[in-house]
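Below is one structure, written out as C-alpha cells, with a few remarks after it.
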Amino acid sequence: MVGTRMLRLAMVAAGTVGGVSGAAYGLLNGQSWYARRAIGEPTGIPLRSDGVHFPDGTGPVPRPVDGVEPLRLAVLGDSSAAGLGVEAPDELPGVRIARGVAEELERPVELTTYAIVGSTSRDLAAQVDAALVEAPQLVLVIIGANDVTARLSVAECAALLGAAVARLREAGVGVVAGTCPDLGAIRPIPQPLRSVASSWSLALGRAQRHAVEAAGGGAVPLADLLSPEFLTRPQELFSPDRFHPSAAGYEAAAGLLLPALCSAIGEWQGPPVPQPPVRSAAAEARRPTSRVVARLNRRFGRQAT
C-alpha cells in the first residue's frame, strides 16, 4: 500500500513538470516496488493504554479516581498518533504525553485514543465527533503522512485540519497539532521518489501550521524539529519497519509536544516555549540562493587552500 501510494504521488508530481516518459515511469515504478518490499505492510494493531495516568508514572487505571478529577486528554490522528511501532504500552506517545502532563500539573490525566492507523485528514471529522461526546480539556492531533502517500491536496488537507481544530476550540478544548513529518527521512524510499515525498510533506507541514494557528490551536512542526535527528540516527529512531518511529523516536517527539500541550491549557511551568522555525533546514538548503552560496563557498574554499 505504501509503495503504490508513493508511485501515484510521484506520477502526480512528475506530471506537473511536463509529463512522465516511459523511462521515468519505469524508474519510479521500480522504486515504488522496492519501497513497498522494504517497508512491508503494517503488522498487527497499535497497543493501547487508555485510562488514568498519574504523576508518578503509574497507570492506567479505570475512572473514577477517588478525590481528584483527572484532566481529560484525547489523541487524534493516524498511526503516528496511535503509536504504531512500539513494543510496550509505556512507550506509546499518548502515554508519554499523559504522564508528562500529569507530572507537570501534579494531577491525574485520563488518556483516550481516537487515532486510527491509515487515517488521513478526511477522517478527522469523525474522530472529533467521537472526542466531543464527552469533551476533553486537551487534544493532541498528529496527521499528514497518509495525506502525502494518498497524494491528497495540500490545501484541502490543511483546511480539514484547521476545521477540526476550530471545532475543538469552539468547545473550549486546548489543541496542539504535530504537523506532517518529513517523509524524506524514510530511507527505504529511494531517490528520486524520496525527494518527491519530502517536498510534498514539507509543503503540507507548512500549510497545516498556518491553518492550525489561524483556528486558534498550537502547531509543533515535527519535520522542522525532528528530521535532522531521524536522518542521522535512523537505526535508533525508526522501528524495525523503518517507516514508523521507534520508542526513542516517539520519545523525541513527545519531548517537543509536551511544553506546547501544557501551554495550550495555561499550565506550563518550565522555561518559555520556544518559537519553532518557519522553514526547515532541509527546505532552506534547497533554496536556489542557498545552493549557489554553498557552491561558491566550496569553490573559493578549495582555491584558498
Side-chain angles (χ1 to χ4, degrees), residues 9 74-84 93-94 97 114-116 118-125 127-128 138-169 173-186 197-231 237 243-245 249-250 252-261 263-264 273-284 286:
L9 167 64
V75 178
L76 282 59
D78 55 21
S79 57
S80 293
L84 189 63
I97 291 292
Y114 298 97
I116 299 173
S119 291
T120 70
S121 294
R122 291 176 177 175
D123 301 307
L124 276 180
Q127 294 185 21
V128 172
L138 185 60
V139 163
L140 168 64
V141 186
I142 302 177
I143 199 78
N146 294 318
D147 294 334
V148 175
T149 61
R151 83 269 182 219
L152 301 180
S153 161
V154 166
E156 176 195 359
C157 293
L160 289 169
L161 176 57
V165 172
R167 286 183 60 198
L168 291 164
R169 294 295 295 133
V173 180
V175 186
V176 171
T179 60
C180 184
D182 182 2
L183 271 63
I186 301 173
S198 179
S199 296
W200 202 303
S201 55
L202 291 172
L204 177 58
R206 290 192 297 272
Q208 287 177 320
R209 180 178 177 182
H210 294 314
V212 168
E213 292 176 347
V220 176
L222 296 180
D224 297 302
L225 299 173
L226 287 178
S227 278
E229 294 295 319
F230 276 78
L231 285 166
L237 299 181
F243 187 82
H244 295 94
Y250 283 121
L256 296 172
L257 293 162
L258 180 60
L261 284 160
S263 180
V273 179
Q275 288 297 313
V278 176
R279 293 173 61 87
S280 70
E284 188 67 27
R286 284 199 295 270

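Only this structure's heavy atoms are used, side chains among them; waters, hydrogens and symmetry mates stay out.
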**Request:** For Asp147 and Cys180, run side-chain contact (heavy atoms from CB on, under 4.5 Å): C-alpha distance rounded to whole Å, both residues' side-chain angles, the deciding distance at 0.1 Å, then the answer.
**Result:** CA-CA 9 Å; Asp147 294 334; Cys180 184; over 6 Å; no
**Asked** side-chain contact (heavy atoms from CB on, under 4.5 Å) between Thr179 and Val220: does it pass, once the steps are laid out?
**Response** CA-CA 6 Å; Thr179 60; Val220 176; over 6 Å; no
**Request:** Sequence neighbours left out, what passes ring-ring contact (aromatic ring centres under 6.0 Å, His included) with Tyr250? Give chain and number order.
**Result:**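 Partners of Tyr250 under the ring-ring contact (aromatic ring centres under 6.0 Å, His included) test: none.
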Looking at residues at least two apart in the chain, or sitting in another chain, which of them share a side chain to side chain contact (heavy atoms under 4.5 Å, CB included) with [X]?
{"X": "Arg167", "result": "Ala125, Val128, Asp129, Leu132"}
{"X": "Leu160", "result": "Ser121, Arg122, Glu156"}
{"X": "Ala252", "result": "Leu226"}
{"X": "Ala115", "result": "Ala81, Ala82, Thr113"}

Check: [Y] main-chain N/O paired with [X] side-chain donor or acceptor under 3.5 Å:
{"X": "Ser201", "Y": "Leu183", "value": "yes"}
{"X": "Gln208", "Y": "Gly178", "value": "no"}
{"X": "Arg209", "Y": "Ala219", "value": "no"}

Closest non-hydrogen atom pair, [X] against [Y]:
{"X": "Leu204", "Y": "Ala158", "answer": "CD1-N, 4.4 Å"}
{"X": "Ala254", "Y": "Ile97", "answer": "O-CD1, 3.7 Å"}
{"X": "His244", "Y": "Ser79", "answer": "NE2-OG, 2.9 Å"}
{"X": "Ala145", "Y": "Asp78", "answer": "N-OD2, 3.9 Å"}
{"X": "Phe230", "Y": "Leu237", "answer": "CE2-O, 3.3 Å"}
{"X": "Asn146", "Y": "Ser119", "answer": "ND2-O, 2.9 Å"}

**Message:** Regarding Ser227 and Asp182, do their side chains bring together a donor and an acceptor under 3.5 Å, going by distance alone?
**Reply:** yes
**Prompt:** Just how far is it from atom CG of Asp123 to atom CG of Leu76, taken to the nearest 0.5 Å?
**Reply:** 11.0 Å
**Prompt:** Once you round to the nearest 0.5 Å, how far does CG of Leu261 lie from CG of Leu256?
**Reply:** 11.0 Å
**Message:** I'd like to check Val173 versus Leu138 (side-chain heavy atoms, cut-off strictly below 4.5 Å). Are they in contact?
**Reply:** no
**Request:** For the residue pair Val176 and Val212, establish whether any side-chain heavy-atom pair is separated by less than 4.5 Å.
**Result:** no
**Prompt:** How far apart are the C-alpha atoms of Tyr114 and Val75, what are their side-chain angles, what is the distance that settles it, and do they pass the side-chain contact (heavy atoms from CB on, under 4.5 Å) test?
**Reply:** CA-CA 6 Å; Tyr114 298 97; Val75 178; over 6 Å; no
**Asked** Among all residues two or more places apart in sequence or in another chain, which pass the side-chain hydrogen bond (donor to acceptor under 3.5 Å, both in side chains) test with Ser80?
**Response** none
